[in-house]
Amino acid sequence: MTVTTGPALDTLWYTRCPVPTASGLANNLGWLGRTADAAGVEFGVLQDAGPELAVRHFDHRLPGLIREGGNVPALAARAEGSPTRLIGLTWIDEAQAILVRPESGVRAAAELAGLRVGIPAWAADRARSFPRAMALHGVASALRLGGLSFADVKLVEVATTAAPQVRTANPDRNTTWGIESLLAGDVDAVYVKGARAQDVARQHGLVVAVDLDSTASLRDRVNNGTPRPVTVHADLLEHRPDIVIGFLAESLRAADWAAANVEQVRAVFQTETQSGPEGVVAAYGENFHEGLHLNLSEERVDLLGVQKQFLYAHGFLASDFDLESWVAREPLEQAKAQLAAEKEPTT
């Protein structure tokens, strides 16, 4: 492994969203820290470092940073010129739905016609406007399933925080924008996603009008978390590829571990998602622990391209860019080879 001379690196920084990921498991198990130890650097989790560094989750302008999280901030940062590379993708469906009040009688995509649909307002910048991007794409997918378009509904802006954080004291703020407006009767339908959203829907007796996860086409389920990217600051990849490969190897190892340890995995992600056990299963399915492995398959990159073009068309990206030139495939291939070599029997 060639390590080139570059800016001094003293800390491997890691940031993730509160959703099921292999790197989140690896961190929880203490395995990411040993990657840093082996490289002779400190290990830091961005969310524990204070607000002055937490913003780097959205703009990825911190050398030494590896990020696994929603694709809206990752794509927006790249479009703004942040020096990042895409080194992995996962696909984990996470309970995307359009909710309505039970008395509405709406139970199908085609019945959304004429409704007032809540869409979060723009945040402080494009990357932190991921709530709006998520809702807009989710609603667009639901309308398409019913043979409808935005012209067939009334989009109503609902409040959201101007600078959403990766974690917050109120977990409902992370996944359920517009619920209060729906309950108050100010809108007729809202988009929600994830484990916490499932819990909130049950608590308030809300009804799923469109279950986006039930659609057969992956393209109809593309959104902020599907597919979910792992990105790295280009300086780290150029000057310390050994750290990047080690990080990916530990993530792949955690994905292997998860496939055989479902109860422990669910316990970890109840904490990660700030949800109960029913919410985790309802949001991610019975077998999500078997699908945490990263890859850069042609299909997943193509699906990320679907998201990129949607975001660009609706103003969430400052500029368009060539997706394939963003992809760095070699680190993941080397991480896979490293794990395969470890599994080979010794003679």
Above 12 or not: heavy atoms from other molecules or residues under 6.0 Å from CD of Glu103?
-> yes

Is there a donor-acceptor pair under 3.5 Å between the side chain of Arg116 and the backbone N or O of Asp186?
-> yes

What's the spacing between Cys17 SG and Gln47 CD if we round to 0.5 Å?
-> 8.0 Å

Between Asp188 and Arg101, is there a side-chain N and carboxylate O pair less than 4.0 Å apart?
-> yes

Polar side-chain atom of Tyr14 near backbone of Gly24 as donor-acceptor pair, under 3.5 Å | yes

Any side-chain donor paired with an acceptor under 3.5 Å for His60 and Thr84?
-> no

Decide if atom CD of Glu42 counts as having more than 12 heavy atoms of other residues, nucleotides or ligands within a radius under 6.0 Å.
-> no

Apply the test side chain to side chain contact (heavy atoms under 4.5 Å, CB included) to residues Val106 and Leu112: give CA-CA distance (whole Å), side-chain angles for both, the deciding distance (0.1 Å), then the verdict.
-> CA-CA 7 Å; Val106 175; Leu112 295 174; 4.1 Å; yes

In Leu46, Val230, Ile66, Val45, the residue satisfying side-chain contact (heavy atoms from CB on, under 4.5 Å) with Arg16 is Val45

Ion pair present between Lys193 and Glu94, side-chain N to carboxylate O less than 4.0 angstrom?
-> yes

Charged N to carboxylate O below 4.0 Å: is that the case for Asp322 and Lys308?
-> no

Kindly indicate whether the side chain of Val41, heavy atoms from C-beta on, has any atom under 4.5 Å from the side chain of Asp10.
-> no

Result of checking Phe316, Trp326, Phe130 against Leu75 for side-chain contact (heavy atoms from CB on, under 4.5 Å) = Trp326

Under 3.5 Å donor-acceptor, Asn71 side chain and Arg228 backbone = no

